[in-house]
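Ligands are counted one by one from 1 in listed order, and the atoms in each one are counted from 1 as well. Quantities reported herein were computed from a predicted structural model and do not represent experimental measurements.
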Amino acid sequence: MKAEDGILGLLYDRGEAWVSLGELASRCGATVAAAESALAALERRGHAFERSPAQGVRLVRPVRLDACLIERGLNVRRVGRHVLCFDEVDSTNDVAADAARQADADGLAVLAESQRRGRGRLGRQWVSPGGANVLMSVLLIDQPQRLAHDALTIAAGLAAAEAIADACGVDCRLKWPNDVLVDEAKAAGVLVEMRRVAGRRCMVVGLGVNANAAPPAGSVDRRAVSLAERLGHAVERVELVRALLRRLDERAGQVAGGELETLRQDWLSRCGMLNRRLAVRCAGKRYVGRALDVDPLGGLVLCEDSDRRVHLPAEHSTIEEMEGDKSGW
Ligand code: BT5
């Protein structure tokens with residue numbers, strides 16, 4: 001481990017407490033001058049420190065996302081085996097897909113502080129103030145299993161809701177196919193894309209979570225909320241990202257292992273839309289009826305007013321109206 005990573009880990013673990021330069025030096029087996037140069041290297045990596053001549057140094061919170069803090073003792077099988085953090089990219093989904101050309105990229109998680117062209121589904125935009133939120137994509141190289149698009153979409157939404165509860169204690173509801181809602185406002189969204197890179201089928205699971213800032217009023221046409229607004233204090237994103245990776249590792253493992261019934265049950269237990277009347281646009285057509293079920297392979301099962309049952313795949317569907325819905329859709 002690099003001395004600067006050791007120092008960052010120590011300062012992170014100490015929270016609000018001050019750490020003397022002497023202690024920093026002795027913990028990383030170096031001199032005070034070496035500890036100072038490690039702090040300077042961390043500043044170049046974007047971290048900020050408070051200094052007190054009498055007490056030492058402490059890390060400014062919330063902390064900038066850093067792979068060394070995210071990966072420490074994460075203990076995942078696939079998702080988050082490697083982590084890359086960037087300042088600004090076009091879209092983390094594109095960076096993750098490009099990485100499929102490199103060896104051993106399966107499970108890579110790509111994070112960015114901001115995106116120039118963050119996207120939602122069906123040509124929509126994902127708007128996120130810089131340095132405040134979680135913008136993350138995970139690459140899953142899909143051989144030999146076939147990871148179904150619908151199943152990964154609901155797995156990722158469920159993992160996000162579970163991780164938000166683990167890390168922040170906020171209860172979220174799920175709205176098919178990809179919305180994570182807090183008090184009926186959108187706090188997170190999922191974008192799963194299939195790409196073929198160097199002859200291999202790759203699935204990219206993109207997750208945007210409004211940790212510390214909702215999009216500015218007027219920039220989105222639906223109700224949005226941040227976790228910090230809900231909690232009344234800032235969210236430490238490192239903990240949230242670690243929880244997201246752990247939960248996604250577990251849920252993506254269920255998709256790969258065919259444990260779809262568990263996934264379906266757990267997803268439905270966080271969703272209140274069964275038996276409600278919906279209007280859904282799917283591949284250019286509008287369907288109106290009652291939601292009967294969510295099938296991890298076949299999508300939303302809708303009983304149309306004519307009593308006909310239709311399966312609407314997540315990838316091409318969007319809910320236009322829902323009985324009793326206050327989320328602005
Ligand atoms: C989504 O699309 O919810 C998928 C969001 C996925 C974003 C992640 S960030 C990391 C990765 N890289 C990317 O480029 N994307 C993924 P959709 O259901 O289409 O929702 C988009 C709609 O939600 C927009 O039309 C806006 O009205 C609204 N919206 C945009 N940004 C929002 C935000 N931060 N919070 C809440 N609503 C938002």
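- Atoms of ligand 1 lying under 4.0 Å from any heavy atom of Met136, numbered from 1 in the order shown and given with element: 10 (C).
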Apply side chain to side chain contact (heavy atoms under 4.5 Å, CB included) to residues Val83 and Cys85 and explain how you reach the verdict.
CA-CA 7 Å; Val83 176; Cys85 296; 4.2 Å; yes
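- For Arg119 and Trp126, the positive end is not near the middle of the six-membered ring at less than 6.0 Å and at most 45° from its axis.
- Applying the 4.0 Å criterion to heavy atoms of Ala224 picks out, from ligand 1, the atoms 35 (N), 36 (C).
- In the model, Gln115 has no side-chain atom that pairs as donor or acceptor with a side-chain atom of Ser128 under 3.5 Å.
- Under the 4.0 Å criterion applied to side-chain N and carboxylate O atoms, Asp305 and Arg277 are assigned as salt-bridge partners.
- Close contacts of ligand 1 with Gly189, meaning ligand atoms under 4.0 Å from a residue heavy atom, involve 3 (O), 4 (C), 5 (C), 6 (C).
- Taking a cut-off of under 4.0 Å to the non-hydrogen atoms of Asn210, the atoms of ligand 1 that pass are 33 (C), 34 (N), 35 (N), 36 (C).
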Evaluate the side chain to side chain donor-acceptor pair (under 3.5 Å) criterion for residues Glu250 and Gln254: first the C-alpha distance (whole Å), next the side-chain angles of each, then the deciding distance (0.1 Å), finally the verdict.
CA-CA 7 Å; Glu250 196 182 316; Gln254 289 177 342; 5.1 Å; no
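- For ligand 1 and Thr92, the ligand atoms under 4.0 Å from any heavy atom of the residue are 10 (C), 11 (C), 12 (N).
- Of all atoms in ligand 1, listed by their number and element, those nearer than 4.0 Å to a heavy atom of Arg119 are 6 (C), 7 (C), 13 (C), 14 (O), 15 (N), 16 (C).
- Listed by atom number, the atoms of ligand 1 under 4.0 Å from Arg222 heavy atoms are 27 (O).
- In this structure, of Gly120, Ser128, Ser91, the residue bringing a heavy atom nearest to atom 14 (O) of ligand 1 is Ser91.
- By the 3.5 Å distance cut-off applied to N or O atoms, Arg117 is not counted among the residues near ligand 1.
- Not a single heavy atom of Leu122 lies less than 4.0 angstrom from ligand 1.
- The distance criterion of under 3.5 Å between nitrogen or oxygen atoms is not met by Gly208 with respect to ligand 1.
- Here Glu193 pairs with Arg195 in a salt bridge; the nearest charged N to carboxylate O distance falls below 4.0 Å.
- The closest non-hydrogen atom to atom 18 (O) of ligand 1, taken over Asn178, Leu207, Val225, comes from Asn178.
- Close contacts between ligand 1 and Asn93 involve ligand atoms 11 (C), 12 (N) [criterion: under 4.0 Å to a heavy atom].
- Taking a cutoff of 4.0 Å between a charged side-chain nitrogen and a carboxylate oxygen, Arg51 and Glu36 qualify as a salt bridge.
- Under a 4.0 Å heavy-atom criterion, Gly118 is in contact with ligand 1.
- When only interatomic distances are considered, the shortest N/O to N/O separation between Gln115 and ligand 1 falls below 3.5 Å.
- For the pair Arg72 and Tyr12, the NZ or CZ position fails the cation-pi test of under 6.0 Å to the six-membered ring centre and within 45 degrees of the ring normal.
- The pair Arg223-Glu184 does not count as a salt bridge, with every side-chain nitrogen at least 4.0 angstrom from each carboxylate oxygen.
- Within 6.0 Å of CD on Gln55 lie more than 12 heavy atoms contributed by other residues, nucleotides or ligands.
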